[in-house]
Amino acid sequence: MSSQPSADPRGTIETVFRMESPRIIAGVARLVRDIGIAEELAQDALVAALEQWPREGVPDNPGAWLTATARRRAVDLIRRRENYVRKLAEIGRDLSHAAPPEEPEQFADPDDIDDDLLRLVFTACHPVLSAEARTALTLRLLGGLTTAEIARAFLVPEATVAQRIVRAKRTLATKNVAFEVPYGPDREARLGSVLDVIYLIYNEGYAATAGDDWLRPGLCEDALRLARVLSGLMPKEPEVHGLTALLEFQTSRAAARTGASGEPVLLKDQQRSRWNRMLIARGITALGRADTTGAPGPYALQAAIAACHAMAYSYEETDWQTISTLYALLAARVASPVVELNRAVAVSMADGPGPALEIVDALATEPALRDYHLLPSVRGDLLMRLGRTAQARAEFVRAAELTHNTRERELLLRRAAEAEAS
């Protein structure tokens with residue numbers, strides 16, 4: 001059963017495909033054992049939808065339609081390959097170079113995960129790829145991000161990201177990398193990249209770098225689910241629990257982060273009664289599992305910062321001094337200008353806007369932050385608090401020019417107008 005044909009369902013098709021493409025690609029990759037081919041088959045399903053839905057109407061379950069279409073084409077491809085091999089065998093050819101290698105019989109492993117998306121993450125994070133290529137490929141396939149969005153997330157040229165993705169898929173194919181979740185040392189070797197990718201996918205859903213919507217809940221849900229699955233798979237890995245705790249805390253605030261019309265609501269203005277206390281409790285539990293006798297890792301430190309926010313019943317009661325200290329520890333572990341910018345915000349609340357402005361001004365020459373809209377946004381906020389409203393307005397306007405998210409641009413322009421009126 002389908003709905004009536006619409007004048008232009010292209011927007012619906014593109015939205016559904018963006019939401020469902022990670023699952024489609026992951027499911028098809030399990031069949032064809034090639035991520036590049038799986039992505040092509042998913043694109044074939046998209047083309048079929050563009051051809052059929054304008055005539056026949058959008059299906060009641062468009063995601064299932066796209067998945068079924070891609071899987072049928074995968075099965076057809078496999079059958080064509082098998083027929084080709086059979087015909088060559090019949091005429092006595094040596095097929096050692098043409099036939100795909102036989103896979104040994106697979107027996108169920110108690111550690112196994114029946115989750116195609118997680119297989120996709122671990123496959124794309126194979127050590128044959130560079131760290132940059134692993135992250136770009138997984139964000140493209142699993143996160144459904146465009147090359148432009150990935151480039152903005154990493155503050156690198158779009159062409160660079162596109163080259164990384166193409167080369168990564170080619171390398172996985174030529175190296176015959178298995179589509180699987182590895183075990184033992186191999187799994188642990190890929191874990192850091194997997195955690196980074198899950199975190200980046202969540203961040204894109206939590207505050208979209210582009211588009212009309214501030215939040216993309218589907219990405220947050222996928223990332224949190226994957227983190228929870230990893231926690232069960234690797235219970236002795238503190239950073240897995242640290243990441244899970246961080247995402248639980250962040251997700252707990254989702255309902256309060258937007259207003260009635262989808263506009264962003266800043267942390268200080270959020271109604272904390274709308275924060276999800278069950279998710280906060282889950283975060284506290286996960287953070288407890290991440291606690292070790294050694295130095296905490298970056299995700300555990302970020303989770304501890306998020307816990308400070310989650311356990312404060314009002315913005316004024318937030319333990320900013322502890323948050324500032326935790327950010328200093330995080331900055332010592334992770335040499336990142338973005339972390340340093342976040343530390344400046346914490347310092348501004350703990351020690352005042354003056355010391356924080358010194359930190360922010362020291363970041364002005366950082367190449368990675370040249371087009372990062374949050375740098376002028378934070379600077380504008382500090383200048384406002386110092387009473388330098390004209391300069392604050394200029395910073396907010398600059399931040400609005402740099403952001404690619406419609407909702408965020410509206411917020412920044414509103415703050416610029418407030419600065420002008422002060």
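Sorted pairs that involve residues 254-284 and meet ring pair (Phe, Tyr, Trp, His ring centres under 6.0 Å), not counting sequence neighbours, are lacking altogether. Pairs passing the side-chain hydrogen bond (donor to acceptor under 3.5 Å, both in side chains) check and including a residue from residues 384-393, sequence neighbours excluded, read Ser348-Arg385, Arg388-Gln391.
In this structure, Ser193 and Thr135 have side chains that are not in contact, with every pair of non-hydrogen atoms separated by 4.5 Å or more. Between Pro264 and Thr258, the closest side-chain pair of non-hydrogen atoms is not below 4.5 Å. Phe122 has its side chain out of reach of Asp186: every pair of non-hydrogen atoms, C-beta onward, lies at least 4.5 Å apart. Using a 4.5 Å cut-off on side-chain heavy atoms (C-beta onward), Glu401 and Pro376 make no contact. Using a 4.5 Å cut-off on side-chain heavy atoms (C-beta onward), Arg190 and Pro127 make contact. Between Val338 and Ser336, some side-chain heavy-atom pair lies under the 4.5 Å cut-off. At a threshold of 4.5 Å between non-hydrogen side-chain atoms, the residues Leu77 and Ile37 count as touching. Gln321 is listed as a side-chain neighbour of Asp351, based on a closest heavy-atom distance under 4.5 Å.
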Does the side-chain contact (heavy atoms from CB on, under 4.5 Å) test come out yes or no for Tyr202 and Leu246, once each step is laid out? CA-CA 10 Å; Tyr202 186 90; Leu246 174 61; over 6 Å; no

Go through the steps for Arg170 and Thr174 under the test side-chain contact (heavy atoms from CB on, under 4.5 Å), then give the verdict. CA-CA 6 Å; Arg170 186 184 304 130; Thr174 56; 4.3 Å; yes

Do Leu374 and Asn342 pass the side-chain contact (heavy atoms from CB on, under 4.5 Å) test, and can you show the C-alpha distance, the side-chain angles, and the key distance before you say yes or no? CA-CA 10 Å; Leu374 291 182; Asn342 288 331; 6.0 Å; no

Apply side-chain contact (heavy atoms from CB on, under 4.5 Å) to the pair Thr69 and Leu46, showing each step before the final yes or no. CA-CA 9 Å; Thr69 300; Leu46 172 62; over 6 Å; no

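In this structure Glu340 satisfies the salt bridge (charged side-chain N to carboxylate O under 4.0 Å, His left out) test together with Arg343, sequence neighbours excluded. By the salt bridge (charged side-chain N to carboxylate O under 4.0 Å, His left out) test, Arg379 pairs with Asp361, Glu395, sequence neighbours left out. Here His309 pairs with Trp320 under the ring pair (Phe, Tyr, Trp, His ring centres under 6.0 Å) rule; sequence neighbours left out. Scored by the side chain to side chain donor-acceptor pair (under 3.5 Å) test, Thr67 finds no partners at all (sequence neighbours excluded). For Arg282, the side chain to side chain donor-acceptor pair (under 3.5 Å) criterion is met by Glu248, not counting sequence neighbours. Checked against ring pair (Phe, Tyr, Trp, His ring centres under 6.0 Å), Tyr199 has the following partners two or more places apart in sequence or in another chain: Tyr299. Checked against salt bridge (charged side-chain N to carboxylate O under 4.0 Å, His left out), Arg409 has no partners two or more places apart in sequence or in another chain. Applying the side chain to side chain contact (heavy atoms under 4.5 Å, CB included) rule to Pro337 yields the partners Leu363, Glu366, Ala368, Leu369; only residues at least two apart in sequence or on another chain are considered.
Between atom CG of residue Leu41 and atom CG of residue Asp76 there is a gap of 9.5 Å, rounded to the nearest 0.5 Å. For the atom pair Ser377 OG and Arg398 CZ, the distance stands at 12.5 Å (nearest 0.5 Å). The line from CG of Leu330 to OG1 of Thr325 is 12.5 Å long, rounded to the nearest 0.5 Å. With rounding to the nearest 0.5 angstrom, the CD atom of Glu408 is 3.0 Å from the NE2 atom of His373. From Leu172, atom CG reaches atom CG of Leu129 across 4.5 Å, with rounding to the nearest 0.5 Å.
Checked for salt-bridge contact, Asp116 and Arg119 meet the test: a charged N lies under 4.0 Å from a carboxylate O.
Here the closest non-hydrogen pair linking Leu247 and Ala227 is CD1-CB, 4.0 Å. Considering every non-hydrogen atom in both Leu386 and Gly354, the closest pair reads CD2-N, 4.2 Å. Contact between Ala300 and Ala290 at its shortest, heavy atoms only, is CB-CB, 4.4 Å. Summarising the geometry of Trp53 relative to Pro59, their closest heavy-atom pair is CE2-CD, 3.3 Å, with the distance given to 0.1 Å.
Sparse packing is recorded around CD of Gln271, with 12 or fewer heavy atoms of other residues, nucleotides or ligands lying under 6.0 Å away. For Arg370, the CZ atom counts as loosely surrounded, since its 6.0 Å shell holds 12 or fewer non-hydrogen atoms of other residues, nucleotides or ligands.
A donor-acceptor contact under 3.5 angstrom links the side chains of Ser314 and Glu317, judged on distance only. Gln250 and Arg253 form a side-chain donor-acceptor contact under 3.5 Å, judged by distance and modelled atom types alone. A donor-acceptor contact closer than 3.5 angstrom is absent between the side chains of Arg228 and Thr244.
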Run the side-chain donor-acceptor check on residues 154-168: report pairs under 3.5 Å with partners two or more places apart or on a different chain.
unit_1 : atom_1 : unit_2 : atom_2 : d
Glu158 : OE2    : Thr147 : OG1    : 3.2

Throw together a table of side-chain donor-acceptor distances under 3.5 angstrom for residues 414-422, partners on residues two or more places apart or in other chains.
unit_1 : atom_1 : unit_2 : atom_2 : d
Arg415 : NH2    : Asp381 : OD1    : 3.0
Ser422 : OG     : Glu418 : O      : 2.8

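For the pairing with Val177, the side-chain contact (heavy atoms from CB on, under 4.5 Å) check across Ile35, Thr123, Asp34 returns one residue only, Thr123.
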